[in-house]
Amino acid sequence: MSVSSVRGVAMTPEQQLETLTRGAVDVVSREELLEKLRRGKPLRIKYGADPSAPDLHLGHSVPLWRLRRFQDLGHTIVFIIGDFTGRIGDPSGRSRTRPMLSEEEVRANAATYAAQVGKILDISRCEIVYNSQWFSEMAADGLLRLAARYTVARMLERDDFAKRMGAEAPVAIVELLYPLIQAYDSVMVRADVEVGGTDQLFNMLVGRDIMRAYDMEPQVVMTWPLLVGTDGHEKMSKSLGNYIGVTDPPGEMFGKLMSIPDALLPQYLELLVEMPAEEIAQLQQDMAAGAVNPRDIKDEMARRIVALYHGEEAAQQASEEFRRVFSQRELPSDMPEIAVSAGDLVSGKIWLVRLTTVAGFAPSNSEARRLIRQGAVSINDQIITDENAEVEVRTGDVLRVGKRRFGRITVKPGD
RNA sequence: GGAGGGGUGCCCGAGCGGUCAAAGGGAGCGGACUGUAAAUCCGCCGGCGUACGCCUACGCAGGUUCGAAUCCUGCCCCCUCCA
């Protein structure tokens with residue numbers, strides 16, 4: 001068997017280089033990568049995972065799909081679960097200390113993580129290692145020896161340290177250590193290549209220096225752009241709430257993809273469905289000229305992306321459902337049930353504010369009142385704006401709040 | 001160790017004894033317009049069952065005062081400069 005074949009088609013090292021680096025922002029360096037490929041042995045490709053946030057989103061998927069190319073070419077993906085750092089608790093983010101994770105939590109998160117990564121990579125062919133394996137045994141002298149290999153000045157060059165210092169925001173000592181920790185991982189797994197988002201460039205480059213300091217051949221570093229989130233401005237991240245999770249149900253994934261600003265389309269087409277640059281350029285022209293409706297491009301793209309994670313059929317359904325609910329303003333075919341206890345009804349009626357909060361469509365009565373006053377709440381398409389309204393409900397009635405919150409009421413016998 | 005600056009709502013930021021649930025901006029939410037796009041416009045934006053009422057809130061804990069985000073004391077935390 002050949003290490004350099006895709007579906008049986010042999011590739012020369014030069015062709016591999018071409019495939020593997022397509023769309024990359026940084027490759028440090030192409031020459032070194034080519035050299036490694038020429039040796040004809042499977043390369044070890046490192047990818048670091050944070051065990052505190054096991055929710056994979058499309059932003060993560062960008063480097064992961066590139067790892068998939070490596071895997072298809074017979075190379076070995078090495079996943080490092082950063083449980084050591086996760087257990088210490090990273091005080092960065094300046095507002096609150098991240099919670100420390102117990103060993104069980106880390107394991108559970110890692111398992112979730114692996115399951116999600118499995119949607120993109122063949123996980124059975126990946127090596128999964130925990131960095132606590134070596135760090136929990138490293139004594140203070142080992143850490144000091146590692147720290148001695150790097151200088152403060154070089155560490156402070158890092159963009160976000162510089163920015164935070166400038167903004168008078170705190171930078172904890174351990175944060176300076178993080179790049180070293182990550183770099184040492186590269187030493188321990190004997191990485192040939194490390195890939196990540198452009199925000200990881202600095203850390204990964206430190207990896208090269210540290211590997212040299214430990215007399216190893218430095219890893220090749222490759223970065224891909226950070227995907228911008230659904231808000232159209234910030235990078236996709238869970239904490240900003242602008243993310244599309246790979247485990248989002250088809251309908252939700254589809255809807256989120258449809259709601260991205262048009263300006264994001266070229267980037268999404270390139271990074272998520274790997275549309276060739278010429279095609280993207282052509283589409284942009286057509287859109288500018290009004291020859292195609294961006295909505296249709298989005299629909300096509302959303303279908304392709306949903307299909308990657310949920311299959312063709314689910315993708316097709318999501319598209320049709322979307323059209324039905326949002327274009328034609330019909331009711332969704334599937335709505336969550338709102339259970340109302342008969343005991344909550346007074347002669348068949350319930351306070352609308354209460355109904356809204358019970359349904360989970362508003363976090364507080366005050367919020368529910370606001371929504372009602374603003375005309376966002378309807379029952380069976382009847383908008384009700386009286387916040388004091390007592391409404392009659394029967395099983396089967398549909399409560400709607402805003403554009404996208406729907407529920408079908410079920411009256412349960414109760415005390 | 002010394003000197004100085006600062007901690008306000010999800011974020012930024014004004015307020016510096018009453019008229020403060022706290023200006024302004026951002027984010028978010030709702031409505032209009034649409035393609036669940038962008039832009040724009042209007043409205044909302046701590047909680048409490050129906051309330052010119054009550055509770056919670058301006059780092060934490062006390063105090064002064066009829067009354068404190070605003071003054072005083074102690075503590076915690078951040079930043080800058082010097083050592």
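As a basis for the values below, the full set of heavy atoms in this structure was taken, side chains included, without hydrogen atoms, waters or symmetry mates. None of the values given here were measured: they were computed from a predicted structure. To find a chain, count down the sequence lines: A is the first, B the second, and so on, and within it residues start at 1.
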Please test L272(A) against S61(A) for side-chain contact (heavy atoms from CB on, under 4.5 Å), starting from the C-alpha separation and ending with a verdict.
-> CA-CA 8 Å; L272(A) 299 176; S61(A) 83; 3.6 Å; yes

Pair listing, salt bridge (charged side-chain N to carboxylate O under 4.0 Å, His left out) test, anchored in residues 129-142 of chain A, at least two apart = D141(A)-R145(A)

Heavy-atom side-chain proximity of R44(A) to V189(A) below 4.5 angstrom = yes

For atom P, what is the distance between rG6(B) and rA57(B), given to the nearest Å?
-> 25 Å

Note on RNA chain B: ranges paired as stems (three or more Watson-Crick/G-U pairs in a row, both atom distances under 3.5 Å) are B:1-7 with B:76-82, B:10-12 with B:24-26, B:28-32 with B:40-44, B:46-48 with B:53-55, B:59-63 with B:71-75

Assess the pair F135(A) and Y184(A): is the distance between their ring centroids shorter than 6.0 Å?
-> yes

Pairs under 3.5 angstrom, nitrogen or oxygen only, protein versus nucleotides 41-46 of chain B, please.
{"from": "rG43(B)", "atom 1": "N2", "to": "Q374(A)", "atom 2": "OE1", "distance (Å)": "2.9"}
{"from": "rG43(B)", "atom 1": "N3", "to": "Q374(A)", "atom 2": "OE1", "distance (Å)": "3.1"}
{"from": "rC44(B)", "atom 1": "O4'", "to": "Q374(A)", "atom 2": "OE1", "distance (Å)": "3.1"}

Applying the side-chain contact (heavy atoms from CB on, under 4.5 Å) test to L58(A), which of L257(A), L271(A), D248(A) qualifies?
-> L257(A)

rC78(B) and rA83(B), which share atom name P, separated by this distance in whole Å | 22 Å

Which residues pass the side chain to side chain contact (heavy atoms under 4.5 Å, CB included) test with Q182(A), sequence neighbours left out?
-> K46(A), E194(A), Q200(A), N203(A), M204(A)

When R22(A), R68(A), R304(A), R69(A) are each screened for salt bridge (charged side-chain N to carboxylate O under 4.0 Å, His left out) with E274(A), the one that passes is R69(A)

Mind checking salt bridge (Lys or Arg N to Asp or Glu O under 4.0 Å) for R212(A) and listing every partner two or more places apart, or none if nothing turns up?
-> D209(A)

Can you tell me how far C1' in rU56(B) sits from the matching atom in rG9(B), rounded to whole Å?
-> 12 Å

Below 4.0 angstrom, N of the basic side chain to O of the carboxylate: do E367(A) and R370(A) qualify?
-> yes

Nearest-angstrom distance, C1' atom, rC75(B) to rC82(B) | 25 Å

Which residues satisfy the side chain to side chain contact (heavy atoms under 4.5 Å, CB included) test with E387(A), sequence neighbours excluded?
-> R369(A), I372(A), R373(A)

rG59(B) and rC10(B): how far apart are their P atoms, nearest whole angstrom?
-> 13 Å

Between N365(A) and R405(A), just flag the one whose closest nucleotide in RNA chain B comes earlier from the 5' side.
-> R405(A)

On a whole-Å scale, what distance lies between the C1' atoms belonging to rA68(B) and rA61(B)?
-> 15 Å

Nearest-angstrom distance from the residue atom CD of E387(A) to P of rG30(B) = 18 Å

The side chain to side chain contact (heavy atoms under 4.5 Å, CB included) partners of S347(A) (sequence neighbours excluded) come to none

Whichever of R354(A) and L371(A) has its nearest RNA chain B nucleotide further upstream toward 5' | L371(A)

Report, as a single string ordered 5' to 3', how protein heavy atoms within less than 4.0 Å touch nucleotides 33-38 of chain B: B base, S sugar-phosphate only, - not at all.
-> -BBBB-

In chain order, what residues pass the side chain to side chain contact (heavy atoms under 4.5 Å, CB included) check against K119(A), with sequence neighbours excluded?
-> V246(A), T247(A), Y309(A)

Scan E390(A) against the nucleic acid and name what it touches under 4.0 Å (heavy atoms): base, sugar-phosphate only, or nothing.
-> base

Partners passing salt bridge (Lys or Arg N to Asp or Glu O under 4.0 Å) against E234(A) (at least two apart in sequence or in another chain) | none

Quote, to the nearest angstrom, the P distance that separates rA3(B) from rA21(B).
-> 39 Å

When the C1' atoms of rU36(B) and rG30(B) are considered, how many whole Å apart are they?
-> 14 Å

Identify all pairs in which a protein N or O lies below 3.5 Å from an N or O of nucleotides 22-28 of chain B, and state each distance.
none

In whole angstrom, what separates F361(A)'s CZ from rG30(B)'s P?
-> 12 Å

For K298(A), the salt bridge (Lys or Arg N to Asp or Glu O under 4.0 Å) test, sequence neighbours excluded, returns D262(A)

